[in-house]
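Reading through the structure tokens given below for one structure.
Proteins come first, then strands; the chains are lettered A, B, ... in the order of their sequence lines, and each starts at number 1.
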Number of protein chains: 2
Amino acid sequence: MDISVLHNSILFKGFDDTEIAELLKALNAAEKKYNKGAMIFSSGEITDKLCFVTAGGVTIESNDMWGNRTILNLVGKGQFFAESYALLPDVPMLVDVCAAEDCSIVFLSMKSLADLNDTIRARLLANLLTITTRKNLHLSSRSFHTAPRQVRGRIMAYLNTVSVQKHSREFDIPFDRQQLADYLNVERSVLSNELSKMQRDGLIRCRKNHFEII
Amino acid sequence: MDISVLHNSILFKGFDDTEIAELLKALNAAEKKYNKGAMIFSSGEITDKLCFVTAGGVTIESNDMWGNRTILNLVGKGQFFAESYALLPDVPMLVDVCAAEDCSIVFLSMKSLADLNDTIRARLLANLLTITTRKNLHLSSRSFHTAPRQVRGRIMAYLNTVSVQKHSREFDIPFDRQQLADYLNVERSVLSNELSKMQRDGLIRCRKNHFEII
DNA sequence: GAAAGTATGTTGTAATTACAACATTTTGGG
DNA sequence: CCCAAAATGTTGTAATTACAACATACTTTC
């Protein structure tokens, strides 16, 4: 198991190596590998597992019965997912979680939280609170990216956010075209088309997933 | 101040009346009234206040420079808002908060959390965690309501959710037409038009904000 | 380095939505 | 009860998007 990534995670902030090792044991930490495209959770499942990405990345997505996919979030190395479902263990998942690329996930049983002593649990809960509040902001930002009614507006809203995050007008995005389309809730072909127009209009330059805002 | 609503809130679950009274003092609880349409927070503001609705309701919304409104959430009596910003006090708000109707809000200073004793703080943090995880699920559900590409799909996705929540095919929704349109991210006139068609098609019946799924 | 497979770009048409303008209904005072 | 204001419904047209079909480019594997 890749310990160093976990040690630097928000969850274990303020804990020393010994404590982390004990916690991993107490929470029944188990790592599992998935190939690109594999489904980690399906809509309707129940889980008490807090999940941590030690390698690769996963998409949180909703797939309707007509095969339309909506990507709500992309969770990369060093980040958590399913925290809401782990902490509210009677709520069935509303989403699917899929491996966006080959990846490794560590599962931590939140049911076992109850067995921890008060001090440790309090510190963990405080860190969990940070995780959930940040996740909230993440979910909100997707709403801003999909708020514009037109495709160009959505692309710009998204690219601007990434640009601000990376402190640069030039950056890579973590999505391929199909994923970006599913994230922005537009057709892939319409997205490709609009990106071409935006380049012709001198708004952006892009090649694969490298973008520059002009 | 309307104490009873606060006493039944998730935040104070497990606390007795004396403790709550002390906490309200320690967190500098202050109530303020707003008229319908008033702006409670504007995008870009910084706050450390956890906000609780004691009467009426507020909308969490994003307003772009062309006057387009997107409603992310409607927060009613007995619920909290701004918890993410209160707990991450350097993050400027991405949203506006407006009074959807005449309302009263209690503001609780999260900065003052640090002054509480460990036990009390731990219990509060655990309750805050419940608030943020539930808010996460709420934000997710809006994503499902706006996921369908077509207006009819969005309306049905939303109405189905409400129907399940209320355990009935007949129910009231908390939105007027303009709010529902801004929540589903569609034009008001298109929404009205589609609702008419859906009635003609025998899918639903509705009058004002009372709906029935057939 | 050729072939197969995957990802991305392009185009045309049908369907849908945006927007504006106006009609009708409902609501809240006076 | 009437009026004014607000909310909701209706309609037509221009603009945009969905969808399918295909072209091109890039990757991977043998």
inquiry  = Check whether B:Y183 forms a cation-pi arrangement with B:R142 (NZ or CZ under 6.0 Å from the six-membered ring centre, at most 45° off the ring normal).
reply    = yes
Flag side-chain contact, heavy atom, 4.5 Å: A:K33 against A:D102 = no
Roughly, in whole Å, what's the span from [atom1] in [X] to [atom2] in [N]?
| X | N | atom1 | atom2 | value |
| --- | --- | --- | --- | --- |
| B:I155 | D:dG9 | CD1 | P | 11 Å |
| A:N193 | C:dT13 | CG | P | 15 Å |
| A:L195 | C:dA7 | CG | P | 17 Å |
| A:N209 | C:dA7 | CG | P | 13 Å |
| B:K197 | D:dT10 | NZ | P | 11 Å |
| B:D182 | D:dA7 | CG | P | 12 Å |
| A:R152 | D:dT17 | CZ | P | 10 Å |

Hydrogens and angles aside, do [X] and [Y] bring a side-chain donor and acceptor to less than 3.5 Å of each other?
| X | Y | answer |
| --- | --- | --- |
| B:T133 | A:S84 | no |
| B:E61 | B:T59 | yes |
| B:N63 | B:D96 | yes |

query = Is the count of non-hydrogen atoms from other residues, nucleotides or ligands lying under 6.0 Å from B:K166 atom NZ greater than 12?
reply = yes
request  = Have a look at A:S196 and say if it touches a base, only the backbone sugar-phosphate, or nothing, with a 4.0 Å heavy-atom cut-off.
outcome  = sugar-phosphate
request  = Test side chain to side chain donor-acceptor pair (under 3.5 Å) on A:D48 and A:S109 and set out the steps.
outcome  = CA-CA 6 Å; A:D48 75 311; A:S109 164; 3.0 Å; yes
request  = Evaluate the salt bridge (Lys or Arg N to Asp or Glu O under 4.0 Å) criterion for residues A:K36 and A:E101: first the C-alpha distance (whole Å), next the side-chain angles of each, then the deciding distance (0.1 Å), finally the verdict.
outcome  = CA-CA 4 Å; A:K36 176 173 180 173; A:E101 45 192 314; over 6 Å; no
request  = Strictly below 4.0 Å, heavy-atom distances to any atom of DNA chain D: list the hits from residues 168-181 of chain B, or just say none.
outcome  = B:D176, B:R177, B:Q178
request  = Using the six-membered ring wherever Trp is involved, compare the ring planes of B:F175 and B:Y158 and label them parallel, tilted or perpendicular (cut-offs 30° and 60°).
outcome  = tilted
note = For nucleotides 18-30 of chain D, 5' to 3', base contacts (B), sugar-phosphate-only contacts (S) and non-contacts (-) with protein non-hydrogen atoms under 4.0 Å give BBB-----S----
